[in-house]
Amino acid sequence: MKFDIIANDPQSFARAAVIYTDHGLIETPVFMPVGTAGTVKAVHFRELENDIGARIILGNTYHLYLRPGIDVLEKAKGLHKFNGWNKPILTDSGGYQVYSLTDRRKMTEEGVVFQSHIDGSRHTFTPENVMDIQRSIGADIIMAFDECTPYPCDYAYASQSMNRTHRWLTRCISRISSTDSLYGYHQTLFPIVQGSVYGDLRKQSAEFVASANAKGNAIGGLSVGEPAEIMYEMTEMVCGILPADKPRYLMGVGTPSNILESISLGIDMFDCVMPTRNGRNGMLFTRQGILNIRNEKWKEDFSPIDQEGTSFVDTFYSKAYLRHLFVSGEMLGPMIASVHNLSFYMWLVDESRRQILEGTFSSWKKRMTVQTATRL
RNA sequence: GGGGAGAUACCAGAGCGGUCAAAUGGGGCAGACUGUAAAUCUGUUGGCUAAGCCUUCGGAGGUUCGAAUCCUCCUCUCCCCA
């Protein structure tokens, strides 16, 4: 994997760059649609690639390991071959499930024992087997096995958890460097900074992660319920420590304004379920603001979903029709909303990139931050 | 023509003397969602000068301290037999 910075914004830490992988290049800043179970829910790859313009998508180690299972993925020769997505894939390690499945797991120094949310069966994840599983899935970028701490989280626990995540990182690196890719292309490991909302822990973690000298670095444990200001504060501090010549990935973020703000702090990569999940639930993100398409006020609004939208659904369908689909429980509704939201998110990062290249990012960002947060 | 069942809030449908402004579904309205246990979840759904009051359970009367619940008549539905 290679990372080339093309331009830096003169008034912030924002940059435009290119990440090269064996499955093609990724222009940054980039938003990566989340495809947990090997599918970006409700969206065809044809739409993802052509209408939305996705450059890389996510998969999830925990979910793919449970279904379809590693044996199937290996027989398919990896997730790319299995689902047909030929562009880069990043897999999350299951660290988020350590957080979200708190009542179904038990943590030890060795790893985590999970109870499957599907059938209750018990499974063990360790830094080593999580690396092996991600080898089997065959993602281009693979994440270290970490613990995403909750919010709030007391200092003692945050510190203890962070240190364990660091020890696990050492084991991940050792495992990944002693094994080979299964399908003939490179896989790059990204370590993850933790430390909850504590500045000194974040600093310590960023320094530890930076010292690992990985080809890209991630920030985890944020956007779990803490105020946005704290998230920005932590992100800013960590970005100041992580190497500038490597991509920085802020995991699980976020709202349109979260993304713009984080780009200005030096983040290059984002992923979030928000455009897809909230889209399925009837919430649309637009340049003018957010709206709940189920609201009665759209009942007879026959104007396009988003006049300035970049996807065909934006001007092909009207708000009133999309509302009708949601109100009727028609599956096309969530499909259209997902395509729209993902297109909007892609437009947001594409336009950010364009503004960075032209040196106008900061002033543009101010306008957009206000607009996109408005409730319509 | 004979016999039977029933009319409850936007709809369906519980309730069968007080704890009922009335269960439960659906529908309506609104909210939440940030490395996806999510096509999910939550709130609300008679009115008001709102910890209280007023008007509601087909209509009109009655019994009772008290009625959606019991009685009488009326109106209307549905089912079975001719």
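Here is the naming used below: chain letters follow the sequence lines, and residue numbers restart at 1 for every chain.
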Partners of [X] by side chain to side chain donor-acceptor pair (under 3.5 Å), sequence neighbours excluded?
| X | value |
| --- | --- |
| A:Arg280 | none |
| A:Tyr20 | none |
| A:Asp4 | A:Lys2 |
| A:Tyr198 | none |

Paired nucleotide for [N] [Watson-Crick or G-U wobble; both distances under 3.5 Å]:
| N | value |
| --- | --- |
| B:U34 | none |
| B:U75 | B:A7 |
| B:C70 | B:G62 |
| B:C57 | none |
| B:G43 | B:C29 |
| B:U24 | B:A12 |

Stepwise salt bridge (charged side-chain N to carboxylate O under 4.0 Å, His left out) test for A:Arg353 and A:Glu27: CA-CA 8 Å; A:Arg353 179 181 168 85; A:Glu27 293 183 319; 3.5 Å; yes

For atom [atom1], what is the distance between [N] and [M], given to the nearest Å?
| N | M | atom1 | answer |
| --- | --- | --- | --- |
| B:G43 | B:G35 | C1' | 30 Å |
| B:U64 | B:U55 | C1' | 22 Å |
| B:C80 | B:A30 | P | 44 Å |
| B:C29 | B:C10 | C1' | 12 Å |
| B:A7 | B:G13 | C1' | 13 Å |
| B:C11 | B:G47 | P | 15 Å |
| B:A23 | B:G18 | P | 16 Å |
| B:A9 | B:C73 | C1' | 27 Å |

Rounded to the nearest angstrom, tell me the gap between atom [atom1] in [X] and atom [atom2] in [N].
| X | N | atom1 | atom2 | value |
| --- | --- | --- | --- | --- |
| A:Phe285 | B:A32 | CZ | C1' | 12 Å |
| A:Ile293 | B:G31 | CD1 | C1' | 16 Å |
| A:Leu376 | B:A30 | CG | C1' | 16 Å |

Contact pattern, 5' to 3', of nucleotides 34-44 of chain B - B, S or - by protein heavy atom under 4.0 Å: BBBBBSB----

Touch class at under 4.0 angstrom, heavy-atom based, for A:Arg67 against every strand present: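 Nothing: the residue A:Arg67, judged by heavy atoms under 4.0 Å, touches no strand.
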
Touch class at under 4.0 angstrom, heavy-atom based, for A:Met335 against every strand present: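 Touches nothing.
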
At under 4.0 Å, does any side-chain N or O of [X] touch on OP1 or OP2 of [N]?
| X | N | answer |
| --- | --- | --- |
| A:Asn292 | B:A30 | no |
| A:Asn295 | B:G31 | yes |
| A:Arg375 | B:A32 | yes |

Electrostatic pair A:Glu147-A:Arg164, nearest N-O below 4.0 angstrom: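 Counted as a salt bridge, because a side-chain N and a carboxylate O are separated by less than 4.0 Å.
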
All pairs passing ring-ring contact (aromatic ring centres under 6.0 Å, His included) where residues 284-308 of chain A contributes a residue, at least two apart: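 Of all non-adjacent pairs touching residues 284-308 of chain A, those that pass ring-ring contact (aromatic ring centres under 6.0 Å, His included) are A:Phe285-A:Tyr345.
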
Aromatic contact, A:His186 with A:His23 (centres under 6.0 Å):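 Ring-ring flag for A:His186/A:His23: false, centres at least 6.0 Å apart.
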
